[in-house]
Amino acid sequence: MSEMRKENKRLLFGVLLVAIFGLALYFFPLGQQLTAFAIKNRLYKVLAYGLVAAGVSFTTISFQTLVGNRFLTPSILGIDALYVLIQSCYFWFYWQFVGQESLNPIHQFVLVLLLQCVFFMLLQPLLRKLLSQGFLFILLICMALGSFFRSSATFIQVLMDPNEYDQLQSRLFPSFQRINEDVIGLVLLIIGILLVYLWKKSHVLDVLHLGKSTATILGLDVLKEERRLLWVIVIGQSALTALVGPLVYLGFMVSNLTYQLLKAYQHKQLFVVSSILGFAILLVGQMIVERIFQFDLNISMVVELLGGLFFFYLIFKERQSL
C-alpha cells in the first residue's frame with residue numbers, strides 16, 4: 001500500500017478498533033453464552049459480512065472512479081432490477097410448471113449469476129460504441145432497462161398467488177439468515193479473484209481518477225481498461241446480489257463515508273478503509289436487528305434508512321457549497 005499520512009493511519013486504526021470491538025461483542029455477548037452451533041452459524045455470517053463489505057466497497061469505489069460521480073453506484077446498471085425480475089420469474093414459472101420443490105442453492109446461485117452476466121454480455125456491442133462517447137449514454141440505457149425490468153417484475157408479481165408472493169419478498173430483502181455454506185465457498189472464490197484483480201488495478205484507477213484525457217496523455221488505454229473494469233464490477237455486484245439480495249445504499253454509504261473521512265485519492269487506501277467500515281456497519285446493524293428489534297426488522301431496512309439519510313445530507317451539503 002502507498003505511504004499513508006499520520007491522520008489516515010489513525011483513522012484506519014480507529015475504524016479497525018471499532019470492527020474488532022463489534023466482532024468481540026458479537027461472539028461474546030454480555031450475560032449470554034453461545035452454543036457451539038451458534039458460534040459456527042455466526043462464523044459463516046461474519047464471513048458473509050466480510051465478503052459483502054469488501055466486494056461492495058471495491059466495486060462501488062471503482063465504478064464511481066470510472067463514471068466520475070460519487071453519487072452513483074453499480075445498481076444503476078440495472079443489476080438489482082434484473083435480480084428482482086429473475087426471482088419473480090422463478091417463483092412464478094418454476095412453481096407453476098415444476099412444483100414447489102426449490103432448486104439446489106448452488107444451482108440457483110449459478111443460474112442467477114449467469115443470467116445477469118449474459119445480460120451484460122448482450123450489451124457489449126453497444127458498450128464498445130458508447131464508451132468512446134462517455135458513460136452518460138450507457139447509464140441512460142441501463143436506467144431505461146432497469147425501469148423495464150422493474151415494471152416486468154411488478155406485472156409478474158401481480159399475477160402471483162399470495163403464498164408465492166410472500167416467498168418472493170423474503171428473497172428480495174437482503175438477508176444473512178438464509179445463506180448456504182456451500183454458496184459462501186463459491187462466492188469466496190469468485191469475489192476473492194475479483195478483489196485481487198481490482199487491487200492490482202488500483203494504480204490504473206488512480207490514473208483514471210485524474211480524468212480520461214489526462215489518463216490518455218499518460219499512455220493508458222482508457223477504453224480497454226474501462227471494459228475490463230466494468231466486467232469485474234458487474235460480475236462482483238451480480239455475485240453479491242445473488243448471495244444476499246440487493247443492498248442498494250450500502251456501497252453508496254461506505255464509499256462516501258470513506259471519501260469524507262479519508263482525504264486521499266489512492267485507491268488501495270480507499271479500498272481498505274471502506275471495506276473495514278462496511279464490515280463494521282453490517283456487524284453493528286445485524287446486532288441491532290438481533291438484539292434490539294428481535295428480528296422484527298431486516299438489516300436492509302437499517303442500512304437503507306441510514307444510507308438514505310446520508311444521501312440527503314450529502315445533497316444538502318453539496319447545495320450549500322454552490
Side-chain angles (χ1 to χ4, degrees), residues 1 4 8-29 39-64 73-75 174-177 179 181 183-185 187-196 198-199 202 233 236-237 239-241 243-262 264 267-292 297-307 310:
M1 188 186 302
M4 295 180 67
N8 292 343
K9 289 182 179 179
R10 288 196 293 266
L11 172 64
L12 177 59
F13 182 71
V15 173
L16 192 57
L17 276 182
V18 172
I20 293 174
F21 177 76
L23 194 61
L25 193 60
Y26 189 63
F27 279 103
F28 305 101
I39 292 176
K40 180 183 178 182
N41 187 39
R42 294 195 177 198
L43 278 173
Y44 282 110
K45 285 185 181 179
V46 166
L47 179 58
Y49 300 153
L51 277 175
V52 172
V56 166
S57 299
F58 274 60
T59 55
T60 302
I61 291 176
S62 300
F63 181 77
Q64 289 172 342
T73 63
S75 60
S175 174
F176 293 91
Q177 306 299 325
I179 296 176
E181 299 174 6
V183 173
I184 286 187
V187 176
L188 179 61
L189 177 62
I190 296 173
I191 297 298
I193 294 173
L194 299 183
L195 294 187
V196 170
L198 288 176
W199 182 267
S202 58
I233 291 169
Q237 192 73 12
L240 295 174
T241 304
L243 177 66
V244 297
L247 279 167
V248 178
Y249 277 105
L250 179 63
F252 169 82
M253 186 164 55
V254 296
S255 63
N256 281 278
L257 277 174
T258 304
Y259 298 144
Q260 296 289 318
L261 298 173
L262 189 67
H267 282 74
K268 287 186 177 180
Q269 297 182 27
L270 296 174
F271 287 157
V272 172
V273 174
S274 61
S275 298
I276 299 174
L277 193 60
F279 177 78
I281 290 173
L282 287 176
L283 190 61
V284 173
Q286 188 65 25
M287 285 195 291
I288 292 174
V289 169
E290 292 180 5
R291 300 177 188 179
I292 297 179
L297 290 180
N298 192 287
I299 189 172
S300 64
M301 299 178 183
V302 178
V303 171
E304 291 191 10
L305 173 63
L306 297 176
F310 187 53

(message) Looking at every non-hydrogen atom in both residues, tell me the closest pair between Met253 and Phe310 and how far apart they are.
(response) O-CE2, 3.9 Å
(request) For Ile191 and Gly236, work out which heavy atoms get closest and say how close. (result) CD1-O, 3.9 Å
(request) Identify the two heavy atoms, one from Ile281 and one from Val254, that lie closest to each other, and give their separation to 0.1 Å. (result) CD1-CG1, 3.8 Å
(message) Could you work out, with ring pair (Phe, Tyr, Trp, His ring centres under 6.0 Å) as the rule, every residue matching Phe252, not counting sequence neighbours?
(response) Phe311
(message) Can you give me the closest heavy-atom contact between Leu240 and Val52, atom names plus distance?
(response) CD2-CA, 3.9 Å
(message) Show the nearest heavy-atom pair for residues Ala48 and Ile184, with the distance to one decimal.
(response) CB-CD1, 4.5 Å
(request) Report the distance from atom CZ of Arg42 to atom CG of Leu47, rounding to the nearest 0.5 Å. (result) 15.5 Å
(request) Can you sort out the partners of Ser75 under side-chain contact (heavy atoms from CB on, under 4.5 Å), two or more places apart, ordered by chain and number? (result) Thr73, Asp80, Val248
(message) Nearest 0.5 Å, please: how far is CG in Leu270 from OG in Ser202?
(response) 10.0 Å
(request) Return the set of residues passing side-chain hydrogen bond (donor to acceptor under 3.5 Å, both in side chains) with Ser62 (not counting sequence neighbours), or none when no residue passes. (result) none
(request) Measure the CG-CG distance between Leu189 and Leu194 for me, rounded to the nearest 0.5 Å. (result) 9.5 Å
(message) Quick check: closest heavy atoms across Ala53 and Ser275, and the distance to 0.1 Å?
(response) CB-O, 3.6 Å
(request) First locate atom CG of Leu282, then atom CG of Leu51, and finally report the distance between them rounded to the nearest 0.5 Å. (result) 11.0 Å
(request) Sequence neighbours left out, what passes side-chain hydrogen bond (donor to acceptor under 3.5 Å, both in side chains) with Thr60? Give chain and number order. (result) none
(request) Return the set of residues passing side-chain hydrogen bond (donor to acceptor under 3.5 Å, both in side chains) with Ser255 (not counting sequence neighbours), or none when no residue passes. (result) Gln64
(request) Could you check Tyr249 against Leu306 for side chain to side chain contact (heavy atoms under 4.5 Å, CB included), going step by step and ending with a plain yes or no? (result) CA-CA 8 Å; Tyr249 277 105; Leu306 297 176; over 6 Å; no
(request) Fit a plane to each ring of Phe58 and Phe271, take the angle between them on a 0 to 90° scale, and name the class: parallel (under 30°), tilted (30 to 60°) or perpendicular (over 60°). (result) parallel
Distance-only criterion, 3.5 Å: show the donor-acceptor pairs between side-chain atoms of residues 15-25 and protein atoms not counting sequence neighbours.
none

(message) As an exercise, state the distance from CG of Leu195 to OG1 of Thr59, rounded to the nearest 0.5 Å.
(response) 8.5 Å
(request) With rounding to the nearest 0.5 Å, note down the distance linking CG in Leu198 to CD1 in Ile193. (result) 12.0 Å
